[in-house]
Amino acid sequence: MNGLSPALVPPLLGWYDQGHRDLPWRTLPTPYRVWISEIMLQQTRVEAVRRYFDGWMDALPDIRALAEAEESVYMKLWEGLGYYNRVRNLHRAAVVLCQEYGGQLPADYDKLLSLPGIGEYTAGAIASIAYGIPVPAVDGNVLRVAARLDNDFTPITDARYKKQTRERFAAWMPADRPGDLNQALMELGATICLPNGAPRCGDCPLQHLCLGYHHKNASSLPLRAAKKARRIENRTVLLVRCGTLVGLRQRPSAGLLAGLWELPSLDGHLSPEETRSALAGLGWQLRRMLSLRPARHIFTHVEWHMNGYYIELDNQPEPLTFVSPPALRATYALPSAFRAFLNVIEEEL
DNA sequence: AAGACGGGGAT
DNA sequence: ATCCCAGTCTT
């Protein structure tokens with residue numbers, strides 16, 4: 001009954017070796033593939049990343065290809081995956097790697113940490129998995145496993161808890177198979193030591209070491225700080241056509257969904273009359289206008305409540321960009337928030 | 001230390 | 001409707 005201690009290494013690796021998930025980036029763990037997978041996996045479930053990883057590798061097979069890629073290319077490859085600063089940072093880091101590291105990821109924790117988009121977790125993951133360097137990789141899974149092993153009621157949202165957990169692992173991180181140990185801890189968190197009060201302790205290889213299990217607290221750990229309420233934004237979304245073309249707008253280069261393309265919209269929930277009036281003031285020449293079914297989209301900190309209109313125009317007013325459906329599909333990255341409205345013309349896309 | 005930053009699948 | 005995910009960066 002040791003909690004988080006080196007005693008967990010043999011049973012955990014034994015369990016991991018007995019069978020683990022077959023993931024594309026595990027098959028061939030080159031530094032580049034590990035890096036891309038780890039960035040994609042930040043705050044993102046394995047099953048979501050599965051749908052993107054091979055497509056990315058086919059289009060951008062190495063660091064130099066990424067460094068030389070156009071923004072529209074890597075944004076489109078990331079479309080729908082979220083947290084779009086991740087892909088901008090990937091590109092920035094690739095340029096740095098080509099300029100300063102000969103197009104290779106450095107086999108050094110601190111150098112990795114200095115690259116854009118690579119923090120404590122990701123530096124540890126790349127160093128240990130791709131290079132066999134004995135450093136911890138403490139993510140949300142590991143924090144949950146640690147809190148339960150130790151029967152620790154410190155909120156894992158506390159930055160000090162993460163730092164302390166990382167240091168405790170670092171103190172005894174084995175030189176043998178550090179990457180597999182880190183992956184096994186995360187695998188345990190993702191498949192056995194589940195969140196939301198649902199751990200499968202009966203199947204856990206560390207049950208005999210787990211203080212949380214011993215004290216019957218596994219399902220009530222870990223503690224987390226309460227979340228803040230989301231603010232609600234009302235929008236009027238416009239699905240604009242001019243002939244066969246669709247009117248798009250590019251979002252600002254900073255903030256929510258930075259740089260992505262979107263359906264144009266107006267602030268607030270506007271009636272058809274209010275919308276006609278607002279658009280006439282902008283010089284839009286409306287030929288036809290139909291109401292669309294309202295939709296909503298939930299982000300982490302914001303909720304968009306959207307009503308919508310399908311509009312046919314006789315002109316192509318600024319600042320819209322009018323694109324054909326095939327060009328939209330191939331080149332323009334749009335967030336998922338507009339899916340309900342785009343489905344209206346789905347058969348053409 | 002706290003907030004911004006996506007999207008989706010499980011409960 | 002809530003939780004939370006193989007987190008990082010900015011303020």
Side-chain angles (χ1 to χ4, degrees), chain A residues 20-21 23-26 29 34-53 75 78-90 92-93 112-130 136-145 155-163 166 179-191 193-198 219 222-232 251-252 254-260 262 296-304 333-340:
Chain A
H20 52 70
R21 292 173 295 178
L23 307 177
W25 46 92
R26 281 182 179 161
V34 171
W35 175 38
I36 299 301
S37 70
E38 290 301 340
I39 301 296
M40 286 185 169
L41 286 161
Q42 289 171 1
Q43 292 292 290
T44 308
R45 292 171 192 281
V46 164
E47 293 312 314
V49 171
R50 278 184 189 278
R51 298 193 292 273
Y52 288 81
F53 184 77
M75 292 308 292
W78 207 267
E79 180 183 46
L81 195 52
Y83 283 157
Y84 297 92
N85 274 336
R86 292 185 293 175
V87 69
R88 297 178 192 288
N89 284 334
L90 273 178
R92 289 174 50 204
L112 289 167
L113 188 58
S114 73
L115 294 166
I118 297 184
E120 302 275 7
Y121 162 75
T122 306
I126 297 172
S128 64
I129 297 170
V138 176
D139 73 333
N141 287 307
V142 178
L143 289 175
R144 180 173 60 256
V145 170
I156 62 169
T157 41
D158 186 332
R160 288 170 301 183
Y161 186 73
K162 183 188 288 190
K163 183 172 190 292
R166 197 169 56 239
D180 284 346
L181 179 61
N182 285 330
Q183 292 191 83
L185 279 164
M186 295 188 277
E187 183 96 0
L188 188 76
T191 63
C193 200
L194 300 170
N196 297 320
S219 61
L223 256 50
R224 283 181 171 274
K227 309 224 172 193
K228 290 192 58 179
R230 285 184 292 268
R231 71 174 181 276
I232 294 174
R251 294 181 59 82
L256 186 66
L257 304 171
L260 271 72
E262 66 174 354
R296 53 180 59 186
H297 188 81
I298 300 173
F299 300 95
T300 305
H301 296 286
V302 192
E303 252 181 81
W304 280 357
L334 273 72
S336 300
F338 300 100
R339 184 170 300 157

Task: Aromatic plane relationship, A:F299 with A:W304 - under 30° parallel, 30 to 60° tilted, over 60° perpendicular - done: perpendicular

- [ ] Ignoring backbone atoms, test whether A:H297 places a side-chain nitrogen or oxygen under 4.0 Å from the OP1 or OP2 oxygen of B:dG7.
- [x] yes

Open item on the list: Can you identify which nucleotide, out of B:dG8, C:dG7, C:dC3, has its nearest atom closest to the A:R339 side chain?
Closed with: B:dG8

Open item on the list: Is there a side-chain contact between A:N141 and the phosphate of C:dA6, meaning an N or O under 4.0 Å from OP1 or OP2?
Closed with: yes

- [ ] Specify the residue among A:R92 and A:E38 whose closest nucleotide of DNA chain C lies further upstream toward the 5′ end.
- [x] A:E38

Open item on the list: Would you measure the distance from the C1' atom in B:dG3 across to the matching atom in C:dA6 and give it in whole Å?
Closed with: 22 Å

TODO: Could you state the atom-to-atom distance from CG of A:L115 to P of C:dG7 in whole Å?
DONE: 19 Å

- [ ] Rounded to the nearest angstrom, tell me the gap between atom CG in A:L81 and atom C1' in C:dA6.
- [x] 13 Å

- [ ] Considering just the side-chain nitrogens and oxygens of A:Q42, establish if one lies under 4.0 Å of OP1 or OP2 belonging to C:dG7.
- [x] no

TODO: Measure from the side chain of A:L23, starting at C-beta and using heavy atoms only, and say which of B:dC5, C:dA6, C:dC5 lies closest.
DONE: C:dA6

Open item on the list: Counting the atoms with a prime plus P, OP1 and OP2 as sugar-phosphate, which does A:L257 contact under 4.0 Å by heavy atoms, base, sugar-phosphate, or nothing?
Closed with: sugar-phosphate

TODO: Between A:A159 and A:A48, name the one whose nearest nucleotide on DNA chain B is closer to the 5' end.
DONE: A:A159

Open item on the list: I'd like to know if the side chain of A:E79 reaches the main chain of A:L334, judged simply by a donor and an acceptor atom lying under 3.5 Å from each other, with no hydrogens or angles considered.
Closed with: yes

- [ ] Examine B:dG8: is either OP1 or OP2 under 4.0 Å from a nitrogen or oxygen in the side chain of A:S336? Give yes or no.
- [x] yes

Open item on the list: Below the 4.0 Å mark, does B:dG3 have OP1 or OP2 next to a side-chain nitrogen or oxygen of A:K228?
Closed with: yes

Open item on the list: For C:dC3 and A:R45 - does any side-chain N or O of the residue sit under 4.0 Å from the phosphate oxygens OP1/OP2?
Closed with: no

Task: Given C:dC4, B:dG9, B:dG6, the nucleotide with the shortest approach to the side chain of A:R51 - done: B:dG9

Open item on the list: Regarding A:N89 and A:R86, do their side chains bring together a donor and an acceptor under 3.5 Å, going by distance alone?
Closed with: no

- [ ] Name the nucleic acid region contacted by A:G255, choosing base, sugar-phosphate or nothing; use a 4.0 angstrom heavy-atom cut-off, strictly under.
- [x] sugar-phosphate

TODO: Keeping the roles fixed (side chain from A:E187, backbone from A:R21), state whether a donor-acceptor pair exists under 3.5 Å.
DONE: yes

- [ ] Please state how far atom CE in A:M40 lies from atom C1' in B:dG7, giving the value in whole angstrom units.
- [x] 14 Å

- [ ] Determine whether any donor atom in the side chain of A:R21 lies under 3.5 Å from an acceptor atom in the base of C:dA6, or the reverse, and answer yes or no.
- [x] yes

Open item on the list: Need one value for A:Y121: base, sugar-phosphate or nothing, where a base atom within 4.0 Å counts as base even if backbone is also close, heavy atoms only.
Closed with: base

Task: Whole angstrom value for the distance that separates P of C:dC5 from OH of A:Y83 - done: 11 Å

Open item on the list: Heavy atoms only, 4.0 Å cut-off, all strands: where does A:R88 land among base, sugar-phosphate and nothing?
Closed with: nothing

Task: Residues A:T300, A:R230; criterion side-chain contact (heavy atoms from CB on, under 4.5 Å); working and verdict - done: CA-CA 7 Å; A:T300 305; A:R230 285 184 292 268; over 6 Å; no

Task: Spacing between A:Q43 atom CD and C:dC9 atom C1', to the nearest angstrom - done: 13 Å

Open item on the list: I want to check one thing: is the phosphate of C:dT8, taken as OP1 and OP2, less than 4.0 Å away from some side-chain N or O of A:T122?
Closed with: yes

- [ ] Figure out the OH/C1' separation between A:Y52 and C:dA6, and round it to whole Å.
- [x] 17 Å

Open item on the list: Under 4.0 Å, counting only non-hydrogen atoms across every strand here, what does A:I118 touch: a base, just sugar-phosphate, or nothing?
Closed with: sugar-phosphate

Task: Separation of atom CG in A:L181 from atom C1' in C:dA6, rounded to whole Å - done: 14 Å

- [ ] Name the nucleic acid region contacted by A:E120, choosing base, sugar-phosphate or nothing; use a 4.0 angstrom heavy-atom cut-off, strictly under.
- [x] sugar-phosphate

Open item on the list: Using the C1' atom as the point on both nucleotides, what is the distance between B:dG8 and C:dC9, in whole Å?
Closed with: 23 Å

- [ ] Measure distances between side-chain N and O atoms of A:T44 and base N and O atoms of B:dG8, and say whether any donor-acceptor pair falls under 3.5 Å.
- [x] no

- [ ] Tell me what A:G80 touches on the nucleic acid: a base, only sugar-phosphate, or nothing, going by heavy atoms under 4.0 Å.
- [x] sugar-phosphate

TODO: Please check the phosphate of B:dC5 (OP1 and OP2 only) for any side-chain N or O of A:H301 closer than 4.0 Å.
DONE: no

Open item on the list: Donor-acceptor pair, distance only, cut-off 3.5 Å: does the side chain of A:T157 make one with the backbone of A:A225?
Closed with: yes

Task: Most 5' of A:K162 and A:I156 on DNA chain C, judged by nearest nucleotide - done: A:I156

- [ ] For B:dG7, take OP1 and OP2 only and decide whether either is under 4.0 Å from a side-chain N or O of A:Y84.
- [x] yes

- [ ] Take the protein atom NE2 of A:H20 and the nucleotide atom P of C:dA6, then report the distance between them rounded to whole Å.
- [x] 16 Å

- [ ] Output yes when at least one side-chain N/O atom of A:N196 is less than 4.0 Å from OP1 or OP2 of C:dC4, else no.
- [x] yes

Open item on the list: Working note: A:I156 + A:K162, criterion side-chain contact (heavy atoms from CB on, under 4.5 Å); need CA distance, chi angles, decisive distance, verdict.
Closed with: CA-CA 7 Å; A:I156 62 169; A:K162 183 188 288 190; over 6 Å; no

Task: Donor-acceptor side-chain pairing of A:Q42 and A:Y121 below 3.5 angstrom - done: no

